[in-house]
Amino acid sequence: MNNRANLRETSAVGPDPVAVVPRLLGWYDRHARVLPWRAPPGTAPMDPYRVWLSEVMLQQTTVAAVRAYFERFTTLWPTVQALATAEETQVMGEWAGLGYYARARNLLACARQVAAMGGFPDTRQALAQLPGIGPYTSAAIAAIAFDRAETVVDGNVERVVARLFAVDTPMPAAKPQLVALAATLTPDRRPGDFAQAMMDLGATICTPRNPACALCPLNDLCRARTLGLAAELPRKSPKPPRPQRRGTAWLALDASHVLVERRPAKGLLGGTLAFPSTGWDGSEHPAPAAGPWQELGEVRHIFTHFELHLTVLAGPPQGVSRGLLLPRRDFDPATLPGLMRKVWALAP
DNA sequence: TAGACGTGGAC
DNA sequence: TGTCCAAGTCT
């Protein structure tokens, strides 16, 4: 990745960082959203554990969805040392419903490494070696928790920069160019606040649809706005259609027990608790119990890359050939991923 | 490297 | 209902 070359590629004339940085920080001082994992603007950073935990939870996930999970995790495990001692099944259960479950397994693996190291490393490069921490999260933790002048680029920053510099290249091809342009803005002072200000601006003002340019502190510096292109950028290539898949799930239960299983650690819903089912790609699995089975209905669930229709069958938990027969008082549907909660909702 | 990987809210 | 998309990472 040659930032200089990427800079040369853009024909856009960008705004002067000398103008952008104080304007954006001034706006952030007045309008920063209050969040449980955020230190107020201009104050000492939040502890690295909370910064890390929130950044992992926020990967491809909305602030609204994360709040309750963040409160629950920090109550159960106030420090990275405490989290490091947790059981994986408990962490998976507490993560249930948040999605992208590889994050939960990486979270625990990362906590254990960090605890063994005696604490979080304080550079982007060292942070990026840890499980579940990639280019975005390593830069975010380094900037926000350790006051390092790293360039933090998430989807918000990509959008803000694409508009500020009127980058016309479609995503995702424009990414290297946007990173290089973002780097021209990163300040040496208050880099953490600057990163959060860019993201807040993207989340609240410079939104994907109907950007509120009239309220934007950078509106007179924004090349896309000058060109009347703000809402058009960044350009995106069209997405392929979502295929349909189907399968069957079995709800084997009576008044006292329910049959569940732990899904394989890797792959879709990896490591989560589930009801036994067929594969969802056409592969057949035998019923997990003797039956007889009665059809309860169908569950429809949209994943990122396919749409699933699951036929749900109910029957007695007798002649069980696979899974784990759980006493109903030990079964908490809140520890199920979203799809399986829908299946459970059909239970008699 | 492009595809796999969840979920729920907004429009 | 359909489509987009939200503080990405891993392989």
Side-chain angles (χ1 to χ4, degrees), chain A residues 32-33 35-38 46 50-70 92 95-107 109-110 127-145 150-160 171-173 175-176 179 182 192 194-204 206-210 231 234 236-245 263-272 274 280-281 299-308 336-342:
Chain A
R33 289 182 292 174
L35 300 169
W37 48 83
R38 169 178 286 177
M46 191 70 73
R50 282 158 199 264
V51 174
W52 162 71
L53 179 61
S54 65
E55 291 301 343
V56 172
M57 287 183 166
L58 286 162
Q59 290 166 8
Q60 298 288 284
T61 309
T62 58
V63 166
V66 164
R67 279 182 187 276
Y69 286 85
F70 180 83
M92 294 308 295
W95 196 275
L98 243 202
Y100 286 136
Y101 297 96
R103 292 185 295 173
R105 268 178 300 116
N106 286 331
L107 189 81
C110 183
L127 286 161
Q129 301 303 309
L130 294 164
I133 300 186
Y136 162 76
T137 306
S138 57
I141 298 171
I144 296 170
E150 297 291 350
T151 300
V152 180
V153 182
D154 72 336
N156 289 306
V157 177
E158 286 175 352
R159 185 170 57 254
V160 170
M171 296 293 287
K175 273 175 183 278
V179 170
F194 180 79
Q196 293 178 91
M198 289 284 278
M199 294 190 281
D200 265 23
L201 188 73
T204 62
C206 195
T207 50
R209 286 172 294 205
N210 306 316
K236 306 236 166 176
S237 14
K239 300 199 169 157
R242 203 191 321 266
Q244 305 248 345
R245 299 187 191 170
R263 290 179 62 84
K266 304 229 168 187
L268 193 66
L269 305 179
T272 64
W280 304 334
D281 48 8
V299 159
R300 174 173 170 270
H301 192 75
I302 313 275
F303 291 97
T304 305
H305 52 300
F306 67 94
E307 176 174 337
L308 178 66
L336 297 171
L339 165 64
M340 293 297 161
R341 292 181 194 177
K342 291 183 186 175

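What you are looking at is a predicted structure, and each value in this text was computed from that prediction instead of being measured. All chains are named by letter (A, B, ...) in the order of the sequence lines, taking the proteins before the strands, and each is independently numbered beginning at 1.
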Engineer: Would you indicate which nucleotide in dT7(B), dC5(B), dA6(C) comes nearest to any side-chain atom of Leu269(A)?
Structural biologist: dT7(B)

Engineer: Please indicate whether Lys342(A) has more than 12 foreign heavy atoms, meaning atoms of other residues, nucleotides or ligands, lying under 6.0 Å from its NZ.
Structural biologist: yes

Engineer: For DNA chain B, whose closest nucleotide is more 5', that of Asn210(A) or that of Leu98(A)?
Structural biologist: Leu98(A)

Engineer: If you assign each of His301(A) and Arg209(A) to its closest nucleotide in DNA chain B, which residue comes earlier from the 5' end?
Structural biologist: His301(A)

Engineer: Within the 4.0 Å heavy-atom criterion, would you say Trp37(A) contacts the bases, only the backbone, or no part of the nucleic acid?
Structural biologist: base

Engineer: Walk me through it: do Glu307(A) and Arg245(A) pass the test salt bridge (charged side-chain N to carboxylate O under 4.0 Å, His left out)?
Structural biologist: CA-CA 6 Å; Glu307(A) 176 174 337; Arg245(A) 299 187 191 170; over 6 Å; no

Engineer: For Tyr101(A) and dT7(B), is the shortest distance between a side-chain N/O and OP1 or OP2 below 4.0 Å?
Structural biologist: yes

Engineer: Strictly below 4.0 Å: does His305(A) bring a side-chain N or O up to OP1 or OP2 of dA4(B)?
Structural biologist: no

Engineer: Does dG8(C) have its OP1 or OP2 closer than 4.0 Å to a side-chain nitrogen or oxygen of Gln60(A)?
Structural biologist: yes

Engineer: Could you give the CZ-to-C1' distance, from Arg105(A) to dG6(B), as a whole number of Å?
Structural biologist: 14 Å

Engineer: For a quick check of understanding: with a heavy-atom distance under 4.0 Å over all strands, which category does Leu35(A) fall into, base, sugar-phosphate or nothing?
Structural biologist: base

Engineer: Take atom CZ of Arg67(A) and atom P of dG9(B), then tell me their distance rounded to the nearest Å.
Structural biologist: 14 Å

Engineer: dG2(C), OP1 or OP2 - any side-chain N/O from Arg300(A) closer than 4.0 Å?
Structural biologist: yes

Engineer: Under 4.0 Å between any heavy atoms, over every strand shown, what does Arg33(A) touch: base, sugar-phosphate, or nothing? Just pick one.
Structural biologist: base

Engineer: Expressed as a whole number of angstroms, how long is the span from Glu158(A):CD to dC5(C):P?
Structural biologist: 12 Å

Engineer: What's Gly267(A) touching, base or sugar-phosphate or nothing? Going by heavy atoms closer than 4.0 Å.
Structural biologist: sugar-phosphate

Engineer: Which residues pass the ring-ring contact (aromatic ring centres under 6.0 Å, His included) test with Phe303(A), sequence neighbours left out?
Structural biologist: His301(A), Phe306(A)

Engineer: Can you give me the closest heavy-atom contact between His305(A) and Arg242(A), atom names plus distance?
Structural biologist: C-CG, 3.7 Å

Engineer: Between P on dC5(C) and CD1 on Ile302(A), what's the gap in Å once rounded to a whole number?
Structural biologist: 16 Å

Engineer: Please give, in whole Å, the distance from dC4(C) C1' to Arg159(A) CZ?
Structural biologist: 12 Å

Engineer: Which atom pairs link the protein and nucleotides 9-11 of chain C when you take only N or O atoms and keep those under 3.5 Å?
Structural biologist:
unit_1	atom_1	unit_2	atom_2	d
dT9(C)	OP1	Gly134(A)	N	2.8
dT9(C)	OP1	Gly134(A)	O	3.4
dT9(C)	OP1	Thr137(A)	N	3.0
dT9(C)	OP1	Thr137(A)	OG1	2.7
dT9(C)	OP2	Pro135(A)	N	3.3
dT9(C)	OP2	Tyr136(A)	N	3.1
dC10(C)	OP1	Gly132(A)	N	2.6

Engineer: Output the rounded distance in Å from CZ (Phe306(A)) to C1' (dC5(B)).
Structural biologist: 10 Å

Engineer: Which of the following nucleotides, dT7(B), dA6(C), dA10(B), is nearest to the side chain of Phe303(A)?
Structural biologist: dT7(B)

Engineer: How far, in whole Å, is dT11(C) from dG6(B) if one measures between their P atoms?
Structural biologist: 14 Å

Engineer: Measure from CZ on Arg103(A) to P on dT7(B) and round the result to the nearest Å.
Structural biologist: 10 Å

Engineer: So, for Leu269(A) and Pro337(A), which heavy atoms are closest and what is the spacing to 0.1 Å?
Structural biologist: CD2-CB, 4.1 Å

Engineer: Measure distances between side-chain N and O atoms of Thr61(A) and base N and O atoms of dG6(B), and say whether any donor-acceptor pair falls under 3.5 Å.
Structural biologist: yes

Engineer: Taking the minimum atom-to-atom distance to the side chain of Leu339(A), which one of dC5(B), dT7(B), dA6(C) wins?
Structural biologist: dT7(B)

Engineer: Mind checking salt bridge (Lys or Arg N to Asp or Glu O under 4.0 Å) for Glu55(A) and listing every partner two or more places apart, or none if nothing turns up?
Structural biologist: none

Engineer: Over how many whole Å does the gap from Met57(A) atom CE to dT7(B) atom P extend?
Structural biologist: 15 Å

Engineer: For the rings on Tyr69(A) and Trp95(A), is their centre-to-centre separation under 6.0 Å?
Structural biologist: no

Engineer: Checking Arg103(A) against Trp52(A): charged group under 6.0 Å from the ring centre and within 45 degrees of the axis?
Structural biologist: no

